[in-house]
Amino acid sequence: MQKERGNKMIVVLKDNPDEKQLNNLVSWLKSMGLDIHFSKGQSATIMGLIGDTASVDIDLINSLDIVETVKRVQEPYKNVNRKFHPDDTVVEIAPGVKIGGGNFQVIAGPCSVESEEQVCEVASAVKEAGAGLYRGGAFKPRTSPYAFQGMRDEGIKLLLEAKKKSGLPIVTEVMDISHLPLFENVDVIQVGARNMQNFELLKELGHLKKPVLLKRGLSSTLKELLMSAEYIMAGGNENVILCERGIRTFETATRNTLDLASIPLLKTMTHLPVIVDPSHATGIAHLVKPMAMAATAAGADGLMIEVHNNPACALCDGAQSLTPADFTDVMEAVNLIRPVAYKG
């Protein structure tokens, strides 16, 4: 008799399963101490079995009329796994503003909030060019303790003012659990690359229902990125957006190395939306356009691009920031590629 020795299994049900048989199957599995996660997709209904499945008789389950197939899941993550959730997740940030499942969004704005005039001017410019969300750093993690650290709570107030004037939802980075009360009116909380494995912070974000944009760590594998997302989703927050922002390699010509292959790979591994940040990935303004185009062609659900009204005078990352005119040019190029890249 074949026994499953993993910790996770999925049972794919046939269309319109007999309700009585399904209830009997669920009761039997729960009597074995297993948790059951249902996911109803367009083509199938999946039961995810979580717990010690060593005593589960695969042959017996396979023989049931309502069962299409039973599969072993070897990956250590469940909530983010496409096997458990075959359809793309769509994260709704605000009415009419969605990411994932064919909903493409561009997040744009300055690396750092510097003044009310700056944030409001840039917000107006990126909205006119077609951006759907506005980004700006209030808290800035910097390698040097002497570098500009951001305007902190005052920066968030200025972002909210820009939101009020432009109507764009705002995205900004959190650095510590103690700062979370300041983010009550922030639409998307960003977890930066340096905090990707700040597990206590991820757990706390899991208790919120607010969308979280999770950036890949500088030296993190895709599995590690997905495990960090699992921390958030395990707490009950399903509104997670993944961001590829380049990884550290031996190459020094660019700030980081943009891992374009991660986009289609992640699409097979997870149902979560995947966006790309070509600004941090390259660190060079003139490389942002070609990398934004390449990421779009590779199937990204969106882009995150740094835009400053005067990059030469920017307090942070001016070398990778686009002018509003350059950003408009990038948007025009991306909009040409997008209908070809996404076929629904």
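None of these values were measured; they are calculated from a predicted model.
Side-chain atoms of Phe139 and Asp176, non-hydrogen and from C-beta on, never get closer than 4.5 Å to each other. Looking at heavy atoms from C-beta onward, Arg216 lies in side-chain contact with Ser262 at the 4.5 angstrom threshold. Between Ile46 and Val12 there is a side-chain heavy-atom pair separated by less than 4.5 Å. Taking the side chain as every heavy atom from C-beta outward, Thr89 and Thr270 never approach each other to under 4.5 Å. With contacts defined as side-chain heavy-atom distances shorter than 4.5 Å, the pair Glu173/Lys215 does not qualify. Annotation: side chain of Asp317 is in contact with side chain of His280 (closest heavy-atom distance under 4.5 Å). Met233 has its side chain out of reach of Tyr77: every pair of non-hydrogen atoms, C-beta onward, lies at least 4.5 Å apart. Using a 4.5 Å cut-off on side-chain heavy atoms (C-beta onward), Val11 and Leu64 make no contact.
Note that CZ of Arg245 is 4.5 Å distant from CG of Leu218, once rounded to the nearest 0.5 Å. Taken to the nearest 0.5 Å, the CD1 atom of Ile66 stands 12.0 Å off from the CD atom of Glu68. Lys127 contributes atom NZ, which lies 5.5 Å from atom CG of Leu168 (distance to the nearest 0.5 angstrom). Between the CG atom of Leu322 and the CG atom of Asn309 there is a distance of 12.5 Å, given to the nearest 0.5 Å. We find the CD-OG1 distance between Gln320 and Thr254 to be 11.5 Å, quoted to the nearest 0.5 Å. A distance of 11.5 Å separates CG in Leu205 from CG in Leu213, rounded to the nearest 0.5 Å.
Looking at Lys223 and Glu75, no side-chain N of the basic residue comes within less than 4.0 Å of a carboxylate O on the acidic one, giving no salt bridge. Lys165 has a carboxylate O that lies under 4.0 Å from a charged side-chain N of Glu116, or vice versa, which qualifies the two as a salt bridge. Under the 4.0 Å criterion applied to side-chain N and carboxylate O atoms, Asp301 and Lys98 are not assigned as salt-bridge partners.
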Does the side chain to side chain contact (heavy atoms under 4.5 Å, CB included) test come out yes or no for Ile232 and Leu202, once each step is laid out? CA-CA 5 Å; Ile232 300 171; Leu202 299 180; 3.9 Å; yes
Do Glu306 and Val288 pass the side chain to side chain contact (heavy atoms under 4.5 Å, CB included) test, and can you show the C-alpha distance, the side-chain angles, and the key distance before you say yes or no? CA-CA 9 Å; Glu306 292 194 353; Val288 171; over 6 Å; no
Show, in sequence, the C-alpha distance, side-chain angles and deciding distance for Leu133 and Gln105, and conclude whether the side chain to side chain contact (heavy atoms under 4.5 Å, CB included) test is met. CA-CA 7 Å; Leu133 294 99; Gln105 293 291 344; 3.8 Å; yes
Run the side chain to side chain contact (heavy atoms under 4.5 Å, CB included) check on Leu25 and Leu29 step by step: do they pass? CA-CA 6 Å; Leu25 175 59; Leu29 293 170; 3.9 Å; yes
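In terms of heavy atoms, Pro273 sits closest to Val91 at CG-CG2, 4.0 Å. In plain terms, the two heavy atoms of Leu22 and Pro17 that are nearest each other are CD2-CG, 4.3 Å. Considering every non-hydrogen atom in both Ala295 and Leu303, the closest pair reads CB-CD2, 4.0 Å. Here the closest non-hydrogen pair linking Val122 and Gly109 is CG1-CA, 4.1 Å. Here the closest non-hydrogen pair linking Ala292 and Thr296 is O-OG1, 2.8 Å. Scanning all heavy atoms of the two residues, the minimum distance from Ile61 to Trp28 falls at CG1-CZ3, 3.8 Å.
Side-chain atoms of Asp18 come within 3.5 Å of backbone N or O of Gln21 as a donor-acceptor pair. The backbone N or O of Cys111 sits less than 3.5 Å from a side-chain atom of Arg135, completing a donor-acceptor pair. A donor-acceptor pair is defined here as one N or O able to donate and one able to accept, closer than 3.5 Å; no such pair exists between the side chain of Glu244 and the backbone of Leu258. His179 contributes no side-chain N or O that, together with a main-chain N or O of Pro181, makes up a donor-acceptor pair within less than 3.5 Å. Between the Gln118 side chain and the Cys120 main chain, no donor and acceptor come within less than 3.5 Å of each other. A donor-acceptor pair under 3.5 Å is formed between the side chain of Ser63 and the backbone N or O of Leu60. Looking at Ser39, its side chain does come within 3.5 Å of a backbone N or O of Phe84 through a donor-acceptor pair. At least one donor-acceptor pair under 3.5 Å links the side chain of Thr172 to the backbone N or O of Gly136. Within the 3.5 Å criterion, the main-chain N or O of Met9 finds no donor-acceptor partner in the side chain of Thr53. Checked by atom type and distance alone, the side chain of Tyr134 pairs as donor or acceptor with a backbone atom of Val119 at under 3.5 Å.
Counting only residues at least two apart or in different chains, side chain to side chain donor-acceptor pair (under 3.5 Å) contacts with residues 201-211 comprise Glu200-Lys203. A salt bridge (Lys or Arg N to Asp or Glu O under 4.0 Å) check over residues 25-46, counting only residues at least two apart or in different chains, returns nothing.
Leu158 and Leu182 fall within the same hydrophobic cluster, where Ile, Leu, Val, Met, Phe, Trp and Tyr residues are linked whenever their side-chain heavy atoms come under 4.5 Å apart, directly or through other members.
Residue Glu251 places its CD atom among more than 12 non-hydrogen atoms of other residues, nucleotides or ligands, all under 6.0 Å distant. Atom CD of Glu128 is surrounded by 12 or fewer heavy atoms from other residues, nucleotides or ligands within 6.0 Å. Summarising the local packing, CD of Glu238 is surrounded by 12 or fewer heavy atoms from other residues, nucleotides or ligands at distances under 6.0 Å.
Checking Leu225, Leu272, Ile241 one by one against Leu214, the side-chain contact (heavy atoms from CB on, under 4.5 Å) holds for a single residue, Leu225.
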